[in-house]
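Just so you know, these numbers use all the heavy atoms, side chains as well, and skip hydrogens, waters and symmetry mates. Predicted, not measured: the structure shown is a model, and the values here were computed from it. Ligands are counted one by one from 1 in listed order, and the atoms in each one are counted from 1 as well.
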Amino acid sequence: MASQTSDRLVIFGITGDLAKKMTLPSLYRLERRNMLHVPVVTVAFNDWTHDQLVAHARESIENEEGAIDEEVFTRLAQRLSYVHGDFKDPELYQNLKKELGDTNSACYYLEVPPGLFITVAQQLYNADMLHGEARIVFEKPFGTSYKTAVDMNKTLHGIMREDQIYRLDHYLGKEPVQDLLYLRFANTMFEPVWDNHYVACIMVTMAEDFGVADRGSFYDPVGTIRDVVQNHLLQVLALTTMEVPVHDIAAPRLDIFRAIPDVDPKNVVRGQYEGYKEVKGVKPDSATETFVALRMDINSMRWGGVPVFIRAGKNLPVKATEVVVRMKKIPPIYINGRLRVSEFHDDIVLRLGSDSGVSLAIRVKQPGGDHLEPVDLSVDFAKALGDAPEPYELLLTSAMEGDRSLFPDEATVEETWRIVQPIIDDPDQPQTYKPGTWGPQAAIDMTAEYGGWREPTV
Ligand code: BG6
């Protein structure tokens with residue numbers, strides 16, 4: 001079990017977009033919190049000098065953070081070094097090896113196109129750089145289908161141990177996503193009602209109010225199911241529904257996925273926003289979905305009979321990610337001699353986006369009257385608790401510390417691909433929707449029997 005703390009952080013792909021937007025700013029924030037203690041060796045193709053790397057880091061950090069603390073930035077700059085070359089060329093690895101010096105526990109983070117994952121891993125192995133407690137963090141996506149994920153796992157296991165493999169899903173590094181477990185299990189009021197006796201259905205929404213922008217050539221071969229459902233949203237669902245992880249999160253997480261049958265294509269609505277085919281990098285006759293809504297089931301004692309609805313998409317009315325645990329309606333009852341028939345469900349809403357927090361949508365007596373009115377009891381985590389670390393701060397730190405709890409293991413990744421594989425294999429033509437709407441009408445209707453989707457509260 002790799003548990004020794006890494007003595008080097010090595011980042012492949014430092015000149016890429018993700019490094020600019022996420023990794024470099026996260027390294028800066030870690031430095032500011034005095035949480036970075038190792039040399040950071042960066043690797044890419046361009047023939048850059050150290051000064052060019054530092055200038056790039058400064059620009060990336062300023063873009064995201066605004067004003068920079070010079071003292072913190074100087075410390076980070078001193079930590080950075082740069083090795084360049086072709087990822088397929090063994091010479092690059094010899095140069096990198098020299099730069100790293102004597103190390104037994106380097107943490108290699110691969111934010112490179114997924115087609116290069118195996119190439120880089122194999123080259124590291126050939127150069128004898130994967131021995132001991134060395135580990136590799138693979139950016140998403142890990143595979144493009146069940147079969148490719150299984151093949152990738154097999155190939156990697158030929159050159160390294162499972163405990164050296166960290167499959168990154170940045171949703172697992174989000175504080176409000178981690179909070180799902182704490183909220184559920186650290187409060188007496190939720191756990192007793194968190195099952196099929198009280199819950200009518202679960203709805204997960206991940207809405208983005210922008211299109212694929214300049215990512216057409218990345219997005220078109222991928223689509224919404226592969227981009228965010230197989231990974232982010234299934235992980236969110238697992239944290240919402242799993243049993244308490246007494247020692248280790250891996251087993252209860254896997255149990256949930258094993259209890260979910262393959263999604264039936266009949267229970268899926270795919271959509272594509274108007275204008276998508278004109279995006280640069282998108283095929284003119286593309287049938288890729290930019291929206292999906294689907295229904296799945298969890299065949300367990302706790303959740304049997306409670307449908308799970310997931311919807312995600314680009315160019316929707318708002319940017320929000322949330323889980324709604326919709327409670328069953330109370331039956332018609334008499335209060336003070338008058339029959340009340342509840343029109344509304346009460347919802348527990350777990351907000352996972354930038355407005356992260358929890359709302360309880362409950363019913364109270366209308367003031368001055370006696371009808372029941374819905375109101376929200378709401379907590380905003382940032383206001384109540386202060387700013388949280390960004391996902392990449394947490395994930396890079398966990399990988400360097402050898403804590404694998406935030407990284408899906410081999411079996412988990414394979415199960416999540418297995419669940420969505422039938423809808424990858426059987427894609428029907430997506431229905432067109434207008435940008436700024438909630439997707440095709442069939443997706444809106446999907447939850448009607450359960451009171452309809454809840455509009456995110458943003
Ligand atoms: C990425 C997807 O994994 O997650 C993007 O590739 C998506 O398409 C992004 O926009 C959303 O992440 P977040 O953290 O902004 O919800």
Side-chain angles (χ1 to χ4, degrees), residues 13 16-23 25-26 29 63-64 109-115 117 137-144 149 167-180 204-237 239 270-273 276 279-282 286 288-292 310-323 350-357 381-382 387-396 406-408 413 416-417 420 435 439 456 458:
D17 211 39
L18 185 62
K20 190 170 177 173
K21 292 204 176 105
M22 297 287 177
T23 323
S26 293
R29 284 191 292 265
N63 272 347
E64 297 300 317
Y109 170 38
L110 271 47
E111 45 182 343
V112 298
F117 285 167
V137 180
F138 295 91
E139 236 326 308
K140 79 172 257 269
F142 194 90
T144 53
R167 302 168 186 84
L168 189 144
D169 181 329
H170 82 278
Y171 261 56
L172 290 176
K174 287 180 184 257
E175 283 282 344
V177 171
Q178 293 186 16
D179 243 314
L180 287 168
V204 183
T205 292
M206 177 182 176
E208 294 182 307
D209 57 357
F210 45 84
V212 297
D214 53 359
R215 297 168 77 221
S217 49
F218 156 77
Y219 197 85
D220 205 40
V222 176
T224 313
I225 296 163
R226 289 189 176 99
D227 190 35
V228 300
V229 176
Q230 173 271 330
N231 38 59
H232 306 332
L233 298 184
L234 287 184
Q235 292 297 333
V236 164
L237 178 64
L239 291 167
R270 296 164 76 241
Q272 187 187 81
Y273 65 80
Y276 172 73
V279 174
K280 193 167 163 253
V282 171
S286 171
T288 299
E289 77 281 355
T290 60
F291 171 93
V292 69
I310 294 182
R311 68 174 167 174
K314 305 276 183 198
N315 263 338
L316 302 187
V318 293
K319 170 146 176 66
T321 303
E322 63 180 40
V323 177
L350 310 148
R351 299 191 306 273
L352 309 176
S354 52
D355 63 334
S356 66
F381 286 160
D387 283 341
E390 293 292 327
Y392 282 88
E393 293 175 59
L394 224 51
L395 292 167
L396 289 177
L406 297 180
F407 298 87
V413 165
T416 49
W417 277 116
V420 298
V458 283

Smallest heavy-atom separation, Tyr109 atom then Glu139 atom, equals OH-OE2, 2.7 Å

So which heavy atom on Arg351 is nearest to which on Pro176, and how close? O-CB, 3.9 Å

Looking only at the side chains, is there a donor atom on one of Glu111 and Thr23 sitting less than 3.5 Å from an acceptor on the other? yes

Would you call the rings of His232 and His170 parallel, tilted or perpendicular, where under 30° means parallel and over 60° means perpendicular? perpendicular

So does Lys314 pair up with Glu208, basic N to acidic O under 4.0 Å? yes

Please tabulate, one pair per line, all N/O donor-acceptor pairs under 3.5 Å involving side-chain atoms of residues 220-227, not counting sequence neighbours.
| from | atom 1 | to | atom 2 | distance (Å) |
| --- | --- | --- | --- | --- |
| Asp220 | OD1 | Tyr276 | OH | 2.6 |
| Asp220 | OD1 | Ser286 | OG | 2.7 |
| Asp220 | OD1 | Thr288 | OG1 | 3.1 |
| Asp220 | OD2 | Lys283 | N | 3.0 |
| Thr224 | OG1 | Tyr219 | OH | 2.8 |
| Thr224 | OG1 | Glu289 | O | 3.1 |
| Thr224 | OG1 | Thr290 | O | 3.3 |
| Thr224 | OG1 | Phe291 | N | 3.2 |
| Arg226 | NE | Thr144 | O | 2.6 |
| Arg226 | NH2 | Thr144 | O | 3.4 |
| Asp227 | OD1 | Lys140 | NZ | 3.1 |

Chain-and-number sorted residues having a heavy-atom contact under 4.0 Å with ligand 1 are Lys140, His170, Tyr171, Lys174, Met206, Glu208, Arg215, Asp227, His232, Lys314, Lys319

